*Asks:* 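Dropping a structure here in structure tokens format, bear with me for questions.
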Amino acid sequence: MRLSSYFMPTLKENPSEAQIVSHRLMLRAGMVRQASAGIYSWLPMGFRVLKRIEQIVREEQNASGAQEVLMPTIQSADLWRESGRYDDYGKEMLRIVDRHDREMLYGPTNEELITDIFKGAAKSWRDVPRNLYHIQWKFRDEVRPRFGVMRGREFLMKDAYSFDLSKEAARHSYNKMFVAYLRTFARLGLKAIPMRADTGPIGGDLSHEFIILAETGESQVYCHRDVLELDVLGADIDFDDQATVQGVVDRWTAIYAATDEKHDEAAYGAIPEERRVSARGIEVGHIFYFGSKYSKPLGAMIARPDGETVPVEMGSYGIGVSRLVGAIIEASHDERGIIWPESVAPFRVGLINLRVGDAACSAAATGIYDTLRKAGVEVLYDDRDESPGAKFASMDLIGLPWQLVVGPRGLAQGVVELKERRTGEKQELPIDAALARFT
Ligand SMILES: Nc1ncnc2c1ncn2[C@@H]1O[C@H](COS(=O)(=O)NC(=O)[C@@H](N)CS)[C@@H](O)[C@H]1O
């Protein structure tokens, strides 16, 4: 993509309404624009990151055996009346009346709808275990949306729902999601710690929040430092091997880590002082086991092999896909701007032509641009007629992992400059050697 034709309305100044760094940088880098309170338009740069995150979430859900569906954003109030949550949900629920005066709502979550879909299709133990997920926009009329996309009113969530015959089987489904979440956040370049958590409006009695430590986080969390030093498991795990999956969960949950609501001062106090961590954190995922909380009132029953019918055992598992765009910036930035992990970067290489008017420079830069694109490398080519300083500043702001700088002086010596955004490390390389790094 040539920057001279790219829709990327960057801002020079920090917008006054932005209180945290990710909100500031997303506005300044031209990634989003607020449409109304807590509701954002995703511009090309932000949308590319959102889709990269979404795709990694999708791959890890699929790897764990979950199956992707797509449920609507608008739901009938009927199912929510059956589950008893229509009134309980309170003011966060956006209630809508259609032209036939039917009571509808913009879904804040989908337990009722997915249970109704499963109920219509499943009849016996042969139909479980199943895990169905979708990646869909939600609406929660937050009383104080803030921090940009971190606490929005309309936001993108991956929400998965598991169906099992027994509590033991449901626990394995829960454990598989626990492991899938560890892998997902590791691929996003994040250290997300699973912490015992409250279940809130979703319900149930077993729940973990996946938290990344960040000063601007809304959650207060406590943990043993050991849990921050655990490595996420290797590349592959056999999700059908219950003992292996349980082993990973046990290893992580054996170490103290809890959100404020579930904090146990005594257990925390037993940790040696220098190994205690008390910090703010950002909740990027939240998983729940809640048994028959929805299947009983909605009548989602399945027959056991002995013929007796029981309400299907369920859990639900959410990841804040749009929140993650902000959370990754909170975890990965410096004073000059964003530092994207390669796995989610909107482009892999930022190509800078230092002197657009210079024929040799432009020929070399355009040649590199064409070669990289032909090799399938995502490259953003700054071909604007701007000063070198302005180009360096905007490339550092938008945070692409690599910068390739073409200038007359370097060319005279047959080299271009390669800079790694994360470390700031620069090296001069012949053009072919520089290209070889990416092709
Ligand atoms: N207002 C919000 N703005 C952005 N992301 C949010 C917001 N509320 C929740 N999230 C994200 O969505 C994730 C799941 O939300 S949740 O309420 O915890 N869980 C559920 O809704 C369950 N139905 C999981 S399927 C959270 O961990 C958080 O990362």
Side-chain angles (χ1 to χ4, degrees), residues 20 22-23 26 32 34 37-40 42 50 53-54 57 61 66 68-69 71 73 75 80 83 85 88-94 106-115 131-163 173-174 177-178 180-181 184-185 188 190 192-195 197-204 206-212 214 217-219 221 259 261 281-290 293-294 314-328 330-331:
I20 61 172
S22 58
H23 189 192
M26 286 182 74
V32 292
Q34 179 170 308
I39 300 176
Y40 288 85
W42 291 81
L50 187 69
I53 293 170
E54 180 185 305
V57 169
Q61 290 294 293
E68 188 167 11
V69 301
M71 289 177 271
T73 54
Q75 301 177 27
W80 286 74
S83 72
R85 275 209 299 185
D88 292 354
Y89 217 90
K91 289 188 175 305
E92 275 196 6
M93 172 88 77
L94 183 65
Y106 191 126
T109 183
N110 285 59
E111 279 81 3
E112 285 79 0
L113 185 49
I114 194 71
T115 302
N131 179 325
L132 304 174
Y133 78 94
H134 71 159
I135 302 175
Q136 180 57 290
W137 293 92
K138 302 288 187 293
F139 196 93
R140 293 181 186 177
D141 204 352
E142 302 274 354
V143 65
R144 275 186 62 229
R146 58 183 181 150
F147 298 167
V149 300
M150 293 271 257
R151 179 159 295 282
R153 291 198 296 163
E154 184 176 45
F155 59 96
L156 188 60
M157 184 199 294
K158 181 286 298 177
D159 38 318
Y161 303 87
S162 62
F163 301 88
S173 293
Y174 183 94
M177 284 284 96
F178 188 106
Y181 276 41
T184 302
F185 297 122
L188 293 171
L190 293 172
I193 310 301
M195 301 203 170
D198 241 6
T199 56
I202 303 295
L206 169 63
S207 173
H208 283 88
E209 283 182 16
F210 286 73
I211 302 266
I212 56 170
E218 291 184 306
S219 310
V221 296
T259 60
E261 299 88 356
I282 301 169
E283 175 200 324
V284 289
H286 196 164
I287 63 176
F288 308 77
Y289 160 72
F290 45 69
K293 175 173 190 272
Y294 300 95
M314 291 180 62
S316 70
Y317 316 89
I319 288 182
V321 176
S322 52
R323 174 176 283 184
L324 274 164
V325 179
I328 291 170
E330 290 294 328

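Because the structure is predicted, anything quoted here is derived from the model rather than measured. When a ligand or atom number is given, it counts from 1 through the structure's own listing order.
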*Asks:* Can we say R146 and E218 salt-bridge, meaning some charged N sits less than 4.0 Å from an Asp/Glu carboxylate O?
*Replies:* yes
*Asks:* Should the ring pair F210 and Y181 be called parallel, tilted or perpendicular, given that the plane angle runs from 0 to 90° and is split at 30 and 60?
*Replies:* tilted
*Asks:* Does the ring centre of F288 sit less than 6.0 Å away from the ring centre of Y174?
*Replies:* no
*Asks:* With a 3.5 Å distance limit and no angle check, can you tell me whether H208 reaches the backbone of P194 through a side-chain donor-acceptor pair?
*Replies:* no
*Asks:* Starting from atom 4 (C) of ligand 1, locate the nearest protein heavy atom and write down its residue, its atom name and how far away it is, to 0.1 Å.
*Replies:* M150 O, 3.4 Å
*Asks:* Are S316 and E111 close enough that a side-chain donor and a side-chain acceptor fall under 3.5 Å?
*Replies:* yes
*Asks:* Are a donor atom and an acceptor atom from the side chains of E154 and Y106 found within less than 3.5 Å of each other?
*Replies:* yes
*Asks:* Quick one: does M26's side chain get under 4.5 Å of W42's, heavy atoms only?
*Replies:* yes
*Asks:* Which of the atoms of ligand 1 are close to G285, meaning less than 4.0 Å from one of its heavy atoms?
*Replies:* 27 (O)
*Asks:* Using side-chain heavy atoms (C-beta onward) and a distance below 4.5 Å, is P145 in contact with F155?
*Replies:* no
*Asks:* Of F147, F155, F210, which has the heavy atom at the shortest distance from atom 10 (N) of ligand 1?
*Replies:* F155
*Asks:* For atom 13 (C) of ligand 1, state which one of A327, G320, A160, S219 supplies the nearest heavy atom.
*Replies:* G320
*Asks:* Got the closest protein heavy atom to atom 19 (N) of ligand 1, with its distance?
*Replies:* F288 CE1, 3.5 Å
*Asks:* What are the atoms of ligand 1, with element, lying closer than 4.0 Å to any heavy atom of V284?
*Replies:* 27 (O), 29 (O)
*Asks:* Is it the case that ligand 1 has an N or O less than 3.5 angstrom from some N or O of I319?
*Replies:* no
*Asks:* I'd like the name of whichever of G318, G152, G326 reaches closest to atom 3 (N) of ligand 1 through any heavy atom.
*Replies:* G152
*Asks:* Which ligand 1 atoms are under 4.0 Å away from a heavy-atom of T109?
*Replies:* 21 (O), 22 (C), 23 (N)
*Asks:* Which is it for R85 and Y294 under the side chain to side chain contact (heavy atoms under 4.5 Å, CB included) test, yes or no, and what are the steps along the way?
*Replies:* CA-CA 10 Å; R85 275 209 299 185; Y294 300 95; 3.1 Å; yes
*Asks:* Of R140, K138, R151, which has the heavy atom at the shortest distance from atom 16 (S) of ligand 1?
*Replies:* R140
*Asks:* Should you measure from each heavy atom of D159, which atoms of ligand 1 turn up under 4.0 Å away?
*Replies:* 25 (S)
*Asks:* Pick one of side chain, backbone, both or neither for how V149 approaches ligand 1, counting any non-hydrogen atom pair under 4.0 Å.
*Replies:* backbone
*Asks:* Between the candidates R323, R146, M157, which shows the shortest non-hydrogen contact distance to atom 15 (O) of ligand 1?
*Replies:* M157
*Asks:* For residues I319 and F185, determine if any side-chain heavy atom of one lies less than 4.5 Å from a side-chain heavy atom of the other.
*Replies:* yes
*Asks:* So does P108 get a backbone contact from the side chain of R140, meaning a donor-acceptor N/O pair under 3.5 Å?
*Replies:* yes
*Asks:* If you count the atoms of ligand 1 from 1 in the order shown, which ones are under 4.0 Å from a heavy atom of E142?
*Replies:* 1 (N)
*Asks:* Look at atom 26 (C) of ligand 1 and say which protein heavy atom is nearest, naming residue and atom and giving the distance to 0.1 Å.
*Replies:* E283 OE2, 3.0 Å
*Asks:* Atoms of ligand 1 less than 4.0 Å from E111 heavy atoms?
*Replies:* 22 (C), 23 (N)
*Asks:* Please identify which atoms of ligand 1 are closer than 4.0 Å to at least one heavy atom of H286.
*Replies:* 18 (O), 27 (O)
